[in-house]
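We count ligands from 1, going down the list as the structure has it; atoms in each ligand are counted the same way. On a predicted model such as this, the values are computed, not experimentally measured, just so you know.
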Amino acid sequence: MSPQNIYILGIESSCDDTAAAIIHNGKILSNVVASQKIHEEFGGVVPELASRAHQQNIVPVVHQALKKAGISKDQLHAIAFTRGPGLMGSLLVGTSFAKSLAYGLNIPLIDVNHMQAHILAHFIDEEGFEKPSFPFIAMTISGGHTQIVEVKSHFDMTVIGETIDDAVGEAYDKSGKILGLGYPAGPEIDKRAQKGNPKAYQFTKPKVDGLNFSFSGLKTAILYFVQRKVKANPNFIEENLNDICASIQYTIIGILIEKLKLATKQTGIKQIAIGGGVSANSGIRQALKDGEQKFGWTTYVPKFEFTTDNAAMIAIVGYLKYLEGDFAEQDVMASARLKI
Ligand code: KG4
Ligand code: ZN
């Protein structure tokens with residue numbers, strides 16, 4: 001078997017998406033995601049329900065990924081799975097499934113760090129998307145994570161900043177909850193922000209040293225602001241929703257860009273790649289583009305389906321590790337707090 005002809009199955013089950021993808025060399029042949037709607041009515045992910053849904057979804061999702069790729073499981077060279085970080089019950093479903101399948105097929109098992117995968121998603125072969133060259137700065141922004149990482153090579157990465165409380169997506173979702181929006185609120189705040197005045201209201205930015213982030217104070221500031229305004233005018237939210245959303249977005253993007261500026265200054269690296277669900281945000285995309293003009297940055301935003309939680313990013317890491325012969329043993333354990 002030549003190294004030019006490798007098929008790998010990637011499995012992702014760290015949070016509330018059950019996903020499977022097939023990669024052929026560096027190219028994705030199929031990328032299937034079963035998103036769990038059940039959490040919407042609770043306004044956030046319920047871990048116990050997530051594990052149960054993974055258990056229900058994993059076999060059909062893997063089956064569909066193979067079918068869409070047009071290959072049979074006997075053609076697979078290895079199984080890559082998310083080992084962590086994430087919700088333990090959810091991780092256990094993917095881990096156990098991957099182990100059993102690799103054992104049954106007698107092929108290598110490859111453990112993948114979910115946070116590394118968000119970054120390495122940039123190395124999927126995709127027409128119209130350039131791969132960053134090393135070294136670069138990666139910023140992963142989603143409902144579960146907010147990190148700035150210095151990436152020296154595929155597997156030599158150092159976290160140089162991260163949130164000390166809420167993730168940036170959580171800041172969006174919690175602000176949305178205060179405003180009575182559905183979950184997840186990020187996309188709707190983004191949509192409304194584009195129709196509002198970003199300078200209508202000012203929210204104080206949290207003061208956190210260095211490259212770390214804090215978003216819980218912002219959420220509290222928004223809560224008190226809304227409570228005060230609603231007391232004076234019960235229709236305040238409905239009458240000013242677009243402006244409120246635009247002001248929240250302006251504040252959040254301002255925080256992210258400030259930290260990126262500091263990161264480029266500290267490291268001397270001007271290549272920036274982003275990943276995670278919040279990289280779909282129109283404000284951050286525009287701000288990065290502006291940064292190319294203003295600060296001489298080169299920026300990379302992956303294809304949308306590779307930014308939110310997905311298995312294509314697990315499969316690409318599986319492929320890169322396969323090439324290095326970096327395999328896991330059958331006694332590998334899921335790890336909820338796995339670090340980069
Ligand atoms: O990566 P993801 O699908 O799942 C994890 O949390 O790992 O990210 C979901 C998060 C949610 O918090 C959602 O509100 C946020 O990404 N999000 C957005 C946008 N699209 C998704 N936040 C701001 N603007 C968006 N356009
Ligand atoms: Zn993620």
Check each atom of ligand 1 against the heavy atoms of [X] and keep those under 4.0 Å away; list them by number with element.
X: S142; value: 1 (O), 5 (C), 6 (O), 7 (O), 8 (O)
X: P184; value: 13 (C), 14 (O)
X: G169; value: 12 (O)
X: H145; value: 7 (O)

Does C15 put an N, O or S atom under 2.8 Å from the Zn ion (ligand 2)?
-> no
Using a 4.0 Å heavy-atom cut-off, say whether D309 meets ligand 1 through its side chain, its backbone, both or neither.
-> both
N281 and ligand 1 - part of the residue with a heavy-atom distance under 4.0 Å | both
What is the closest protein heavy atom to [atom], and at what distance does it sit?
atom: atom 15 (C) of ligand 1; value: V278 CG2, 3.9 Å
atom: atom 26 (N) of ligand 1; value: D190 OD2, 3.0 Å
atom: atom 14 (O) of ligand 1; value: D173 OD1, 2.7 Å
atom: atom 9 (C) of ligand 1; value: G143 N, 3.8 Å
atom: atom 3 (O) of ligand 1; value: T308 CB, 3.3 Å

Is I148 reachable from M157 through a run of I, L, V, M, F, W or Y residues, each pair having side-chain heavy atoms under 4.5 Å apart?
-> no
If you group Ile, Leu, Val, Met, Phe, Trp and Tyr by side-chain heavy-atom gaps below 4.5 Å, do I110 and I107 land in one group?
-> no
In this structure, which one of I314, V62, T82, T95 forms a side chain to side chain contact (heavy atoms under 4.5 Å, CB included) with I11?
-> V62
Would you call K321 and D111 a salt bridge, using N to O less than 4.0 angstrom?
-> yes
Pair Y172 and Y183, ring centroids less than 6.0 Å apart = no
Give a yes or no on whether the ring-centroid distance for F134 and H154 is below 6.0 angstrom.
-> yes
With the Zn ion (ligand 2) as the point of reference, which N/O/S atom of D309 is the closest?
->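 Result: OD1.
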In terms of side-chain heavy atoms, does Q202 have a donor or acceptor partner in S247 at a distance below 3.5 Å?
->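 No, S247 and Q202 have no side-chain donor paired with an acceptor closer than 3.5 Å.
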Once the angle between the rings of [X] and [Y] is folded into 0 to 90°, is it parallel (under 30°), tilted (30 to 60°) or perpendicular (over 60°)?
X: F327; Y: Y322; answer: tilted
X: H145; Y: H114; answer: tilted
X: F295; Y: W297; answer: tilted

Per atom 21 (C) of ligand 1, closest listed option by heavy atom (G186, G275, G277) |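 Looking at heavy atoms only, G277 sits closest to atom 21 (C) of ligand 1.
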Say whether C15 and ligand 1 are in contact under the criterion: heavy-atom distance to a ligand atom below 4.0 Å.
-> no
Can you tell me, to 10 degrees, how wide the angle at the Zn ion (ligand 2) is between NE2 on H114 and NE2 on H145?
->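 The NE2/NE2 angle about the Zn ion (ligand 2) sits at 110°.
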